[in-house]
Amino acid sequence: MKIGTEDIQKIKKKILALMEKRPERIGIHIEGEMARIVKLVKKDEDTLKLGAFEDVPFSLIDQSLEQQKNFLKAVNQVGSGLQKVAVNIEDPSLRIRRMVFAKMPEADLLEAIRWNFREHIEVPIEEYVVGYTALRGTIDDNKRAIIGYGVAKKAIDDYQERFKVLGLKPVSLEPISSSLLASFYTNGILNDDGYHVCIYFGETMASFVVMKHDELLFSRPLAGLCQDMLKKNMIRDIGVTKESLDEMFGSWLKKARDVEVDEPTPVEPDMSIQSKFDGSMRHCFSNLVIEVQRSIDAFCIQYDVERIDCIHVCGIGTYYPGMVKHIEKTLGIRTEAFNSFANLMDESLLKGDYIEKAPLFAVAVGLALS
């Protein structure tokens, strides 16, 4: 189904109308031991701009009193006292899947979605909360395609309680994938007729997401591909302490800022620590490309699509020297880092710290729009 310029303008007006109704909130993306906080403000009737952003060490599960104090201070500074927050929810019970059903009443559809997830969850089906977004186009006259979402009720309750204890009011809990959709859309990335892939490579998780226009079409985790897992494997394979590895990582990333690096350079194999470090990075990049190609193949088969048009990378992985170029070179698909501030700031200000940190705040921007 092809959407023209007039259709896109209608979608934009619809989203702007929803923005008029939505309560003001700040977006908080918490992953591992880091929180990223964003507030968007209305510049005029049709335009949102970046009001403030901040990142601060913080663990939702096990924070120290000092972490809690610094986190709340950052939230207060970014939000100017605003207590309403939209937060990402990540839980082993979270599932996102395309489904096809016969047309049926709403209540029956929700029950069908819940039962469709039953083989992949470890909680009683009655305690599993589901929702969906309808996909445009029809399978035939009697069927409809949707993207179904599901998560354990206990996970929702736990998130809400943790934030209430902090004195904050969670008005929205969103998966990373739907937050990325909002972030990409508001930055004008999805205004063409292409299929856009986002690779989110983060501290504790990695995700593969496909979007087109205003729709999330496909989402799957990239198992074992995150910074924490990479470091754990390196500690085991290289034989260094966590502190030593953190120092090596820091030096590697600093070098990338000083000298442009296309991708990890092959060297003659030896037993040196540096050689093992370089080998681990090449192995990580290779595994990432393999998993991305598998995910692209699965999407193309499911949607009967010949190709995807562009790959965007966000999260901590965009700091890795050569990751973006390695993906583009290996897969032969245009690949770029995602600038989540592109349409939210004046172009003259998009430099330095703003450009460097924009890919890290992709989820938080989307949450601020939720």
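As the structure is a computational prediction, the values presented were derived from the model and not from experiment.
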Exercise. Side chain to side chain contact (heavy atoms under 4.5 Å, CB included) between C284 and F201: does it pass, once the steps are laid out?
Worked result: CA-CA 11 Å; C284 171; F201 189 102; 4.2 Å; yes
When rounded to the nearest 0.5 angstrom, what is the spacing between [atom1] in [X] and [atom2] in [Y]?
X	Y	atom1	atom2	result
E174	I89	CD	CD1	9.5 Å
F277	S251	CZ	OG	8.5 Å
R294	R220	CZ	CZ	9.0 Å
E54	N70	CD	CG	10.0 Å
S93	K153	OG	NZ	12.5 Å
S183	I176	OG	CD1	12.0 Å

Measure across [X] and [Y] and return the closest heavy-atom pair with its distance rounded to 0.1 Å.
X	Y	result
R25	S172	NH1-CB, 4.2 Å
I96	S177	CD1-OG, 3.0 Å
E328	T335	OE2-N, 3.1 Å
N339	A358	OD1-CB, 3.1 Å
G322	F285	C-CE2, 3.7 Å
D309	G194	OD2-CA, 3.2 Å

Aromatic ring centroids of [X] and [Y] under 6.0 Å?
X	Y	result
H29	F361	no
F299	Y195	yes
F117	Y128	yes

Whether the side chain of [X] engages the backbone of [Y] through a donor-acceptor N/O pair (distance < 3.5 Å, no angle test) should be reported.
X	Y	value
S295	F208	no
D55	R36	no
T318	A337	no
S244	V240	no
N142	A102	no
Q302	A298	no

For this session: Check whether more than 12 heavy atoms from other residues, nucleotides or ligands sit under 6.0 Å from atom CZ of R236, and answer yes or no.
Result: yes
Exercise. Got more than 12 heavy atoms from elsewhere within 6.0 Å of CD, E33?
Worked result: no
Between [Y] and [X], is there a salt bridge with N-O shorter than 4.0 Å?
X	Y	answer
D237	K232	no
E215	K212	no
K242	D246	yes

For this session: For salt bridge (charged side-chain N to carboxylate O under 4.0 Å, His left out), just list the numbers for E111 and R114, CA-CA rounded to whole Å, side-chain angles, deciding distance to a tenth of an Å, and then say yes or no.
Result: CA-CA 5 Å; E111 189 64 20; R114 185 177 287 110; 2.8 Å; yes
Between [X] and [Y], is any pair of side-chain heavy atoms under 4.5 Å apart?
X	Y	result
F71	Q63	no
L109	P105	no
L222	E291	yes

Problem set entry | D157 and E161: CA distance, side-chain angles, deciding distance, side chain to side chain contact (heavy atoms under 4.5 Å, CB included) verdict | CA-CA 6 Å; D157 293 342; E161 184 59 32; over 6 Å; no
Classify the side-chain pair [X]/[Y] by whether it contains a donor and acceptor separated by less than 3.5 Å.
X	Y	value
E31	Y200	yes
Q274	D278	yes
N233	H283	no
Q227	E203	no

Is it possible for you to say whether [X] and [Y] belong to one hydrophobic cluster, with membership spreading through side-chain heavy-atom contacts below 4.5 Å?
X	Y	answer
V38	L173	no
L166	V87	yes
L369	V41	no
M211	V365	yes
I333	I189	yes

Seminar exercise, completed: Given the options V209, L180, T133, L216 meets side chain to side chain contact (heavy atoms under 4.5 Å, CB included) only with V209
Problem set entry | Test side chain to side chain contact (heavy atoms under 4.5 Å, CB included) applied to I28 and N88, L60, I37, V363, the passing residue | I37
Problem set entry | Geometric class of the F249/W252 ring pair [parallel <30°, tilted 30-60°, perpendicular >60°] | perpendicular
Exercise. Please walk me through it: do L135 and I146 pass side chain to side chain contact (heavy atoms under 4.5 Å, CB included)?
Worked result: CA-CA 5 Å; L135 295 175; I146 66 162; 5.6 Å; no
Exercise. Can a cation-pi geometry be assigned to K357 and F53, taking NZ or CZ under 6.0 Å from the six-membered ring centre and within 45° of the ring axis?
Worked result: no
Problem set entry | Y303 six-ring centre to R98 NZ/CZ under 6.0 Å and within 45° of normal | yes
Problem set entry | H196 vs F338, side chain to side chain contact (heavy atoms under 4.5 Å, CB included): CA-CA, chis, key distance, verdict | CA-CA 11 Å; H196 291 263; F338 172 51; over 6 Å; no
